[in-house]
Chemist: 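Quick one: the structure is below, questions incoming.
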Amino acid sequence: MRAHVITYGCQMNEYDTHTIQSELVSGGHQIVDHPDDADLLLLNTCAVRGKPVEKVVTVLGELRKERQAGRDLKIGMMGCLAQLEEGQDIARKFEVDLLLGPGAITDIVPSVEALEQGETGIERLEFREDLDTLIPPAPNALTGFLTIMRGCDHNCTYCIVPTTRGPEVSRPVESILAEAEAMRDAGVQEIMLLGQNVNSYGLKDDGLPSFAELLRLVAQVGIPRVKFTTSHPMNFTSDVIDVIAEEPNVCDYIHLPVQSGSDRVLKRMAREYRRERYLDIIREIRAKVENVVISTDIIVGFPGETEEDFEQTLTLFDEVQYEHAYMFIYSARPGTPSAKHFEDMPRKVKTDRLQRLIEKQKGYALDANRRWMGRTARVLVREIQSEGDYAMGHSDQNHTVLIPKSQVNRLGLHEVVVEHATPHTLYGRLAGVEPQAVPLAMAR
Ligand code: 5AD
Ligand code: SF4
């Protein structure tokens, strides 16, 4: 079949899309670049908040119209929504032909064969433990994802992920290293180790290294840049911080979701740490890792969050001075404990708080970026688009960096002198290039 995958949501989904595509190709199918050319359209869905679910419903509505108008198209739903009753109801309503849960993605080829035989309403929703596929890196890819574990054993009360992705399963270390080596040999310059909770890698299995040990082993494979996400503060131990400080190619960028600055809210969220413990980790990171950039995830307007609780989040931002933050409004997900037991608060309160937090964060992001002016960052340029004046890349600390296109004649790593900063972007020139008159975009 000619298949196209549309990916929503997190990096885990992107990785799963890559797996599905390579499985389909090895099963004799074809991946097409445009959805209009496909006879099988797979929606790799996200269910973490209400918005991505609404998006999928909209797309399914459009596809239904196309099918009613005579288009011969099979539709599959994969990803987190497929695993939920909510998604299964949607799938029934829109006559989705295949439901493939995140724990069953390696069933894709037999499922598509069944579709070809004319079967419909196929459901593969079990959690298999043998998801250990080696994915060939895409040719010319400068960056790649590498899954080291799947699932989540925490039970944060707002979160649907433990339901959709099942319990934690760590991959064997040999296959992780083999995949990293294959990426290195293919010229990949940066890998991102992926897991819902990378820090709990190996905790449940005898004989597996700890996450800190694994990180060191992967670093020593010799890829110029190694990143990882997502970390849980509960398992973010000093040995991990030491590896980041000691291994030169482990990125100076740490994403450490805090969710709230209030102990009362953290408790209701069933996060297993408190504000002071989190701040201890941040202080240790800042002390040991030079130039580190720290980002976080925050949920504002969790049920019962008082103005006082929210102010605790604001003061946490003053203490940590996050260089970057992903800030979300609480979204009640059907079936989660917080949706069952707590009442949602008025939307206006939530959006106002989000706005206040965004404003505060912007200030810290700008301060932090300005501190880079005049300094040299190592930037991975991934693409040079034909439009616009700039080539875009990102630094070891994960800043987005723009460089005048006229200076950049190849993709890959470059030393860049930072000349100008905004809250979200650094502008610079290649090291060795003389400073020029300030281009218009920078002068603004
Ligand atoms: N509402 C809002 N944000 C959520 N997240 C997870 N569940 C919810 C929810 N119900 C956020 C958390 C998590 C990130 C991936 O998504 O901040 O870290
Ligand atoms: Fe969800 Fe909490 Fe697990 Fe993260 S740690 S995936 S927020 S349950």
Side-chain angles (χ1 to χ4, degrees), residues 7-16 44-55 79-81 83-87 102 145 147 149-165 168 192 194-200 228-236 254-262 265-266 268-273 275 278 281 294-305 309-310 313 316-317 320 322 324-347 349-351 353-355 357-358 361:
T7 313
Y8 303 88
C10 66
Q11 290 138 329
M12 201 61 105
N13 269 11
E14 280 184 50
Y15 184 88
D16 286 350
N44 193 358
T45 60
C46 170
V48 81
R49 281 173 291 276
K51 271 229 182 89
V53 176
E54 287 163 23
K55 251 193 243 167
C80 284
L81 190 57
Q83 198 68 35
L84 299 174
E85 233 171 81
E86 186 187 12
F145 294 125
T147 289
M149 52 94 64
R150 291 176 176 273
C152 179
D153 284 352
H154 293 272
N155 281 302
C156 303
T157 52
Y158 51 82
C159 187
I160 199 72
V161 167
T163 313
T164 61
R165 295 225 168 226
E168 286 175 9
M192 170 78 96
L194 287 183
Q196 242 76 45
N197 262 310
V198 288
N199 317 79
S200 39
F228 56 91
T229 203
T230 285
S231 300
H232 191 295
M234 181 186 162
N235 312 108
F236 206 95
I254 298 175
H255 181 61
L256 198 55
V258 65
Q259 313 298 358
S260 169
S262 152
V265 174
L266 288 173
R268 285 158 72 90
M269 289 176 163
R271 299 288 286 179
E272 297 102 328
Y273 55 89
R275 178 190 175 101
Y278 181 87
I281 302 172
I294 301 176
S295 69
T296 200
D297 287 347
I298 287 280
I299 298 176
V300 299
F302 186 77
E305 182 190 74
D309 290 321
F310 175 65
T313 296
L316 181 92
F317 271 55
V320 180
Y322 290 110
H324 186 74
Y326 299 91
M327 293 163 276
F328 307 107
I329 281 182
Y330 171 75
S331 162
R333 304 305 300 128
T336 55
S338 67
K340 267 189 244 165
H341 302 303
F342 304 137
E343 202 178 321
D344 210 350
M345 69 171 72
R347 188 161 177 86
V349 180
K350 296 198 277 192
T351 50
R353 287 184 186 164
L354 180 68
Q355 220 35 57
L357 192 62
I358 289 173
Q361 207 283 320

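This is a predicted model, so every value here is computed, not measured. Indexing begins at 1, ligand by ligand and atom by atom, following the structure's order.
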Chemist: Decide, yes or no, whether a salt bridge links R333 with E86 under the criterion of side-chain N to carboxylate O below 4.0 Å.
Modeler: yes
Chemist: Hey, what's the ring geometry for Y326 with F328, parallel, tilted or perpendicular (30° and 60° as the breaks)?
Modeler: parallel
Chemist: Between R353 and D309, is there a salt bridge with N-O shorter than 4.0 Å?
Modeler: no
Chemist: Is it true that I329 lies under 4.0 Å from ligand 1, counting heavy atoms only?
Modeler: yes
Chemist: Parallel, tilted or perpendicular: which fits the ring planes of H232 and H154, with parallel below 30° and perpendicular above 60°?
Modeler: parallel
Chemist: Just to be sure I read this right, does ligand 1 sit under 4.0 Å from the backbone of V48, its side chain, both, or neither, counting only heavy atoms?
Modeler: both
Chemist: Out of all atoms in ligand 1, which are within 4.0 Å of some heavy atom of Y330? Include the element for each.
Modeler: 1 (N), 2 (C)
Chemist: For T163 and L84, work out which heavy atoms get closest and say how close.
Modeler: CG2-CD2, 3.9 Å
Chemist: Counting only heavy atoms, tell me which of H232, Q259, H255 gets closest to atom 12 (C) of ligand 1.
Modeler: Q259
Chemist: R333 heavy atoms, cut-off 4.0 Å: which ligand 1 atoms fall inside?
Modeler: 10 (N)
Chemist: How does F328 reach ligand 1, if at all, at less than 4.0 Å between non-hydrogen atoms: by side chain, backbone, both, or neither?
Modeler: side chain
